[in-house]
Amino acid sequence: MSTELFGVTGNCAACSKLIPAFEMVMRAKDNVYHLDCFACQLCNQRFCVGDKFFLKNNMILCQTDYEEGLMKEGYAPQVR
C-alpha cells in the first residue's frame, strides 16, 4: 500500500469515479483508490498508511471482516 500522486487520469477501484492525475491516491496491487474511498467495503473502517488490510475478490477488507468471512466459509485462520 502506498500514498502517492496518481500521475495519470483514471478511475477509482471502489467508487469507479474519475481520479485526476494531480490527486493523491492509495494503491493496493493494481488497484488505485481516492484517499476517501480507501476503507473496508463492509464496515467502512478507514485505513491509514501502515494499517493492515486485506484484498479479497477485489474488495478491501479490515482484518475483522476478513476473518469473519473466512469463518463463514468454514476456514478459521491460525492464531500465532
Side-chain angles (χ1 to χ4, degrees):
M1 170 175 64
S2 64
T3 306
E4 54 194 53
L5 286 175
F6 191 30
V8 295
T9 301
N11 293 345
C12 175
C15 73
S16 300
K17 292 181 182 173
L18 189 68
I19 302 175
F22 58 83
E23 190 169 318
M24 294 295 286
V25 297
M26 296 296 277
R27 295 180 185 269
K29 293 201 176 190
D30 295 331
N31 298 329
V32 182
Y33 303 87
H34 293 107
L35 293 181
D36 288 340
C37 292
F38 196 74
C40 177
Q41 291 178 289
L42 294 179
C43 71
N44 295 319
Q45 175 187 324
R46 300 277 309 272
F47 297 103
C48 297
V49 174
D51 284 351
K52 189 179 232 182
F53 72 95
F54 297 84
L55 194 60
K56 182 165 183 175
N57 299 328
N58 243 11
M59 285 180 59
I60 303 170
L61 301 173
C62 66
Q63 185 167 358
T64 300
D65 287 327
Y66 176 75
E67 289 175 356
E68 284 178 5
L70 289 179
M71 290 175 66
K72 287 178 185 173
E73 293 172 3
Y75 171 77
Q78 291 182 330
V79 178
R80 295 182 186 189

Task: Residues which pass side-chain contact (heavy atoms from CB on, under 4.5 Å) with Leu18, listed by chain and number, not counting sequence neighbours - done: Thr9, Asn11
Open item on the list: Below 30° counts as parallel, above 60° as perpendicular, anything between as tilted: where do the rings of Phe47 and Phe38 land?
Closed with: perpendicular
TODO: Drop me the distance from Asp51's CG to Cys40's SG, to the nearest 0.5 angstrom.
DONE: 12.0 Å
- [ ] With the side chain counted from C-beta on, respond yes when Val32 and Met26 share a heavy-atom pair under 4.5 Å apart, and no when they do not.
- [x] no
Open item on the list: Within the 4.5 Å heavy-atom criterion, are Leu70 and Lys56 side-chain neighbours or not?
Closed with: yes
Task: Heavy-atom side-chain contact between Met59 and Leu42 under 4.5 Å - done: yes
Open item on the list: Strictly by salt bridge (Lys or Arg N to Asp or Glu O under 4.0 Å), give each pair with a member in residues 31-46 just once, sequence neighbours left out.
Closed with: Asp36-Arg46
Task: Contacts of Glu68 that satisfy side-chain hydrogen bond (donor to acceptor under 3.5 Å, both in side chains) - sequence neighbours left out - done: none
Task: Spacing of Gln45 atom CD and Asp65 atom CG [to the nearest 0.5 Å] - done: 8.0 Å
Task: Those residues that, when tested against Asn31, pass side-chain contact (heavy atoms from CB on, under 4.5 Å) (two or more places apart) - done: Ala13, Tyr33, Leu55, Asn58
TODO: Kindly write out the residues that satisfy side-chain contact (heavy atoms from CB on, under 4.5 Å) with Lys17, not counting sequence neighbours, or none if the list is empty.
DONE: Cys15, His34
TODO: For Phe53 and Ile60, work out which heavy atoms get closest and say how close.
DONE: CD1-CG2, 4.0 Å
